[in-house]
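Structure, as structure tokens:
Excluded from the calculations below are hydrogen atoms, water molecules and symmetry mates; all remaining heavy atoms, backbone and side chain alike, are included.
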Amino acid sequence: MSKVRREKIRRILQSKAYVSLAELCSAFPDVSEMTLRRDIAYFEEKGDAIKVRGGVRSTKFITASTDDTMTERMRENVLAKEKIARAAAGYLETGRSIFMDSGSTLQQMVRFVQNERYNFTTTNPAAALELAAIGLPIVNITGGRLDRDYQAVSGLQAMRFVSDINIDIAMLSPSGLSGRSGFTGGNYAECELKRAVVEKADKVIMLMDSSKIGRSLPYTFCSLERVSVLICDEPLPDDLAKEAHRCGVTVEVV
């Protein structure tokens, strides 16, 4: 019976971007809510869905990213990213748990990492290999699904990994920053992971070249209020600069 029910749920997930738990309860009135929650967990484990508040999102509709691929991003604004990456490396601290996301600017930072006993966690397999090759740094990489274009690991396993670790310093790169939307990205699963990291981190350091200013992509993962340091290659526009000052953000222009 569960096999038949799950096949019906699968078809629903193939036809809709979001399905609420209430909808599932209505579609299966003879099935308990607890059983349907287990069904949701089953599809999340299979990579067909992502559990969200009040229901579930189908990965069929969110796996496509509106961000550029990693290869494309690594070719953009290279000099600016190098300056930002060099400055960001100055915020690394030994004896701290440091999270690095998969942004191209953060990948640039790896070459400025000293051979010290840092403790890194990253979603970027390439960055993890480069960090490990330095020598002394301890490197952890999250599990999960590897996005071939984005070159990042995300999904339920990565979220579980993040939930089990402490994060002192989170170093993140957005795809956009606007006064209305905050820090945004175009990959839903990646932004969900970044949001979880932001919630756990004691200090959030945002690395952003000026091409991201004024951009607003579909998914917000962080607000200015949660950021301790913002490193950019150009000064922020007046409205964003005032808001950053109000929020106590240290803006470093390199």
Side-chain angles (χ1 to χ4, degrees), residues 13 17-19 43-44 47-70 72-74 76 98-107 121-125 127 141-165 167 169-201 203-209 211-228 230-232 240 247 249:
L13 290 171
Y18 171 78
V19 183
F43 285 106
E44 193 171 33
D48 295 325
I50 296 176
K51 184 169 59 177
V52 296
R53 186 185 298 275
V56 62
R57 289 189 180 275
S58 169
T59 56
K60 175 184 177 181
F61 296 90
I62 61 178
T63 51
S65 172
T66 56
D67 280 329
D68 294 333
T69 65
M70 175 60 79
E72 292 168 329
R73 285 182 288 140
M74 288 296 288
E76 297 172 346
I98 303 166
F99 182 91
M100 289 174 50
D101 78 3
S102 60
S104 56
T105 306
L106 278 156
Q107 192 158 332
T121 298
T122 183
T123 56
N124 187 322
I141 186 166
T142 65
R145 183 181 64 85
L146 178 63
D147 187 303
R148 182 170 49 200
D149 293 328
Y150 208 64
Q151 294 184 23
V153 177
S154 60
L156 178 61
Q157 287 176 296
M159 293 285 283
R160 285 177 175 168
F161 191 100
V162 166
S163 71
D164 288 339
I165 64 172
I167 301 173
I169 302 171
M171 292 190 159
L172 307 172
S173 291
S175 296
L177 168 63
S178 71
R180 177 174 58 86
S181 303
F183 295 97
T184 59
N187 183 295
Y188 178 85
E190 177 74 6
C191 286
E192 282 289 287
L193 184 63
K194 287 183 179 183
R195 188 179 296 117
V197 168
V198 167
E199 289 177 358
K200 296 209 70 175
K203 178 189 288 186
V204 176
I205 300 175
M206 205 69 70
L207 286 64
M208 182 188 74
D209 70 79
S211 69
K212 310 300 192 301
I213 297 173
R215 294 185 69 193
S216 181
L217 278 79
Y219 310 112
T220 297
F221 66 87
C222 185
S223 63
L224 272 168
E225 285 89 346
R226 283 292 289 121
V227 175
S228 298
L230 172 59
I231 308 174
C232 192
L240 284 174
C247 295
V249 181

Problem - 4.5 Å side-chain heavy-atom contact, Gln157 and Thr142 - result: no
Practice task
To the nearest 0.5 Å, tell me how far Met171 CE sits from Thr105 OG1.
Solution key: 12.0 Å
Handout entry: Gap separating the CZ atom of Arg226 from the CE atom of Met206, nearest 0.5 angstrom
Key = 9.5 Å
Exercise for the section: Please examine the side chains of Val19 and Ser58, heavy atoms only from C-beta on, and report whether any two atoms are closer than 4.5 Å. Expected result: no
Problem - Side-chain heavy-atom pair Phe43, Val56 within 4.5 angstrom cut-off - result: no
Fill in the blank from the handout: Rounded to the nearest 0.5 angstrom, the CG-CG distance for Asp101 and Leu193 is 9.0 Å
Problem - Phe161 vs Val153 side-chain heavy atoms within contact, under 4.5 Å - result: no
Fill in the blank from the handout: When rounded to the nearest 0.5 Å, the distance separating OG of Ser181 from CZ of Arg215 is 12.0 Å
Exercise for the section: Answer yes or no: is there a side-chain heavy-atom contact under 4.5 Å between Cys222 and Leu172? Expected result: no
Completion exercise
When rounded to the nearest 0.5 Å, the distance separating SG of Cys191 from CG of Leu217 is 8.0 Å
Problem - Close side-chain approach of Ile213 to Cys232, heavy-atom, < 4.5 Å - result: yes
Practice task
Using the six-membered ring wherever Trp is involved, compare the ring planes of Phe183 and Phe221 and label them parallel, tilted or perpendicular (cut-offs 30° and 60°).
Solution key: tilted
Practice task
Determine, stepwise, if the pair Thr122 / Asn124 fulfils side chain to side chain donor-acceptor pair (under 3.5 Å).
Solution key: CA-CA 5 Å; Thr122 183; Asn124 187 322; 5.6 Å; no
Practice task
May I ask you to check whether over 12 heavy atoms, not counting those of Lys51, lie within 6.0 Å of atom NZ?
Solution key: no
Problem - OG on Ser211 to CG on Leu177, rounded to 0.5 Å - result: 11.5 Å
